[in-house]
Amino acid sequence: MAFSCTLSHPLFSKIRCVSVSASSRVAVAMSNDSVAMEEKSSKLKIPHVLSVAGSDSGGGAGIQADLKTCGARGVYCSTVITAVTAQNTIGVQGVNLVPEEFVAEQLRSVLSDMQVDVVKTGMLPSIGVVKVFCRILKEYKVQALVVDPVMASTSGDVLANSSILAGLWEELLPMADIVTPNLKEASALLGGVKLTTVADMHSAAKSIHDFGPRHVLVKGGDLPASLDAVDVLFDGINFHEFRASRIQTRNTHGTGCTLASCIAAELAKGSPMLQAVQVAKHYVETALNYSKDITIGSGPQGPFDHLLKLKHSFSSSSRQRGFSPDDLLLYAVTDSGMNKRWGRSIPDAVKAAIEGGATIIQLREKEADTREFVELAKASLEICRSHGVPLLINDRVDVALASDADGVHVGQSDMSPRVVRSLLGPDKIIGVSCKTPEQALQAWSDTADYIGSGGVFPTSTKANNKTIGLDGLKTVCLASKLPVVAIGGIGIGNAGSVMEIGVPNLKGVAVVSALFDRECVTTETRKLHSVLTDVLSTQASR
Ligand SMILES: Cc1ncc(COP(=O)(O)OP(=O)(O)O)c(N)n1
Ligand SMILES: Cc1nc(C(=O)O)sc1CCOP(=O)(O)O
Ligand SMILES: [Mg+2]
């Protein structure tokens with residue numbers, strides 16, 4: 001399809017609108033200003049999806065799903081709201097359409113300024129909005145158009161009636177790079193034909209392709225539950241089937257919007273279509289699986305967690321708070337050699353230490369191979385989470401990421417805490433070993449949460465470790481802007497003397513052999529805990 005036209009726009013002194021074929025999407029509007037803008041922005045191009053959709057007050061679908069999906073996939077998302085819906089997990093209680101002229105105004109605001117890569121449409125509630133959208137999009141240059149032909153909510157409520165079909169057939173679908181109907185939408189696009197098998201989906205994809213989109217993805221989530229979830233992609237020549245086992249969950253509200261916006265996000269990053277669809281399928285599957293047990297709302301269909309965060313942050317079995325310096329009181333640091341000698345697994349040792357009163361755990365497994373370390377970390381994390389005790393990993397950021405541990409402890413020759421922070425994000429706990437005031441200040445400016453300072457006393461647990469003594473510990477504590485935990489040669493006999501050096505930011509002791517090179521970890525931890533709490537209560541009574 002080709003066309004040419006002349007347009008005027010208040011933001012462009014001269015607009016050239018060139019003819020394009022259907023395959024090159026939409027018309028190009030360029031002025032000297034916009035060319036300059038493009039050159040400047042090429043220095044740091046942020047992949048950008050514009051979502052044109054309805055707002056879902058329940059937060060699971062529509063604009064809200066698109067924003068979360070793009071955020072989760074590392075892509076910027078701007079929005080044009082076509083309708084505001086009042087809905088929850090029970091259904092749609094109300095729909096308020098945004099006037100066409102205001103949809104147009106939002107579109108021009110974003111497209112004239114923000115270098116959109118991919119446009120994704122969801123709820124286009126009237127033929128007028130479909131037409132306005134198509135007309136305006138043709139004025140701008142975007143890389144791709146993803147069309148999710150939303151007609152009904154997952155609860156069955158009508159979000160766009162059949163009067164928009166003519167607009168889809170004649171205007172929107174010919175501009176689309178991909179259209180992603182579910183079985184009901186595919187059936188509606190084809191005038192009500194019945195679709196009940198995978199073979200039906202193939203022929204539907206082919207027929208919809210005849211309307212002009214470059215790709216058609218017919219989603220088979222509504223096939224009979226006895227069948228695998230199959231989606232069929234047709235690119236005009238070949239069919240590709242995506243099969244996944246069904247995830248048993250009520251939390252499927254917003255899956256269609258999410259899939260389409262994830263495809264858009266991947267296209268914006270430059271992925272080819274097949275890969276974008278594959279990534280999007282995997283993303284939705286992962287999010288559904290992760291969220292299968294969360295409970296939001298009382299209705300039959302709940303939303304899921306696009307950011308894969310909610311369960312770990314707030315479920316009863318997880319840590320419910322951020323890092324507190326008081327967590328450092330009794331810091332148990334494991335050693336596989338010692339525990340093996342006493343016939344204990346690491347998770348058993350962790351459990352025993354927590355039972356004795358350990359307030360934070362570090363897995364310091366210098367001998368474990370990576371796969372074993374990740375498994376140990378996952379098993380230990382389950383125990384720590386069920387007791388609200390943070391679990392940190394010694395040295396290995398990869399193991400912390402793979403196990404979703406609460407943080408990492410690094411030394412002066414390990415990965416820099418600043419790099420660790422960039423990899424773990426703002427919520428994880430980072431500890432740094434410091435023997436000098438300068439190192440302590442550096443740890444603070446590198447965004448660490450605490451420092452470990454020692455060796456306070458000689459130790460045989462860490463080879464060639466310099467002893468700084470109680471004086472060295474005090475000097476570091478006085479300089480540190482971060483809470484401090486003392487380490488090195490500390491046990492029941494000398495922990496009191498360490499805590500009594502009289503500096504407020506010394507919060508506790510970190511101990512290896514005094515707990516784990518002993519027959520009963522729980523007993524030793526309990527004894528040490530009682531020494532520490534005695535010191536604290538004496539200090540409090542002064
Ligand atoms: C709480 C705590 N403090 C200090 C250390 C020592 O870390 P590092 O200097 O990196 O030495 P290794 O433990 O890696 O041998 C620690 N692990 N924990
Ligand atoms: C792991 C570690 N780091 C130290 C430091 O000085 O930074 S001392 C040390 C070993 C601590 O073991 P134990 O409690 O058996 O003495
Ligand atoms: Mg280290």
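Remember, it's 1-based here, ligands and their atoms both numbered in the order they're listed. Note: hydrogens, waters and symmetry copies are ignored here, and every other heavy atom, side chains too, is used. Only a predicted model underlies this, so the values are computations on that prediction, with no experimental measurement involved.
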Undergrad: Taking L288's backbone N and O only, do any of them form a donor-acceptor pair with S291's side chain (distance below 3.5 Å, no angle check)?
TA: no
Undergrad: Please check if the side chain of T79 supplies one atom and the backbone of I81 the other of a donor-acceptor pair under 3.5 Å.
TA: no
Undergrad: Name of the D395 N, O or S atom nearest the Mg ion (ligand 3)?
TA: OD1
Undergrad: What's the shortest distance from atom 14 (O) of ligand 2 to any protein heavy atom, and which residue and atom give it?
TA: V512 N, 2.9 Å
Undergrad: Evaluate the ring planes of F323 and Y450, with Trp represented by its six-membered ring, and classify them as parallel (under 30°), tilted (30 to 60°) or perpendicular (over 60°).
TA: tilted
Undergrad: To check your reading of the model: name the closest protein heavy atom to atom 11 (O) of ligand 1, its residue, and the distance in Å.
TA: K462 NZ, 2.9 Å
Undergrad: Relative to ligand 2, is K435 under 4.0 angstrom through side chain, backbone, both or neither, heavy atoms considered?
TA: side chain
Undergrad: Mark yes or no for whether Q64, through its side chain, and D56, through its backbone, hold a donor-acceptor pair below 3.5 Å.
TA: yes
Undergrad: Which ligand 2 atoms, with their elements, are less than 4.0 angstrom from a heavy-atom of T459?
TA: 12 (O), 13 (P), 15 (O), 16 (O)
Undergrad: Provide the atom name of the closest N, O or S atom of D414 relative to the Mg ion (ligand 3).
TA: OD2
Undergrad: Which atoms of ligand 2 are found less than 4.0 Å from any heavy atom of V511?
TA: 14 (O)
Undergrad: Between the candidates Q412, K435, Q362, which shows the shortest non-hydrogen contact distance to atom 17 (N) of ligand 1?
TA: Q362
Undergrad: Does ligand 1 have an atom under 4.0 Å from some heavy atom of V333?
TA: no
Undergrad: Should you measure from each heavy atom of R364, which atoms of ligand 2 turn up under 4.0 Å away?
TA: 1 (C)
Undergrad: Considering only NZ, NE, NH1 and NH2 on the basic side and carboxylate oxygens on the acidic side, decide whether D449 and K428 come within less than 4.0 Å.
TA: no
Undergrad: Relative to ligand 1, is K366 under 4.0 angstrom through side chain, backbone, both or neither, heavy atoms considered?
TA: side chain
Undergrad: Quick check on G489 - does any of its heavy atoms sit under 4.0 Å from an atom of ligand 2?
TA: yes
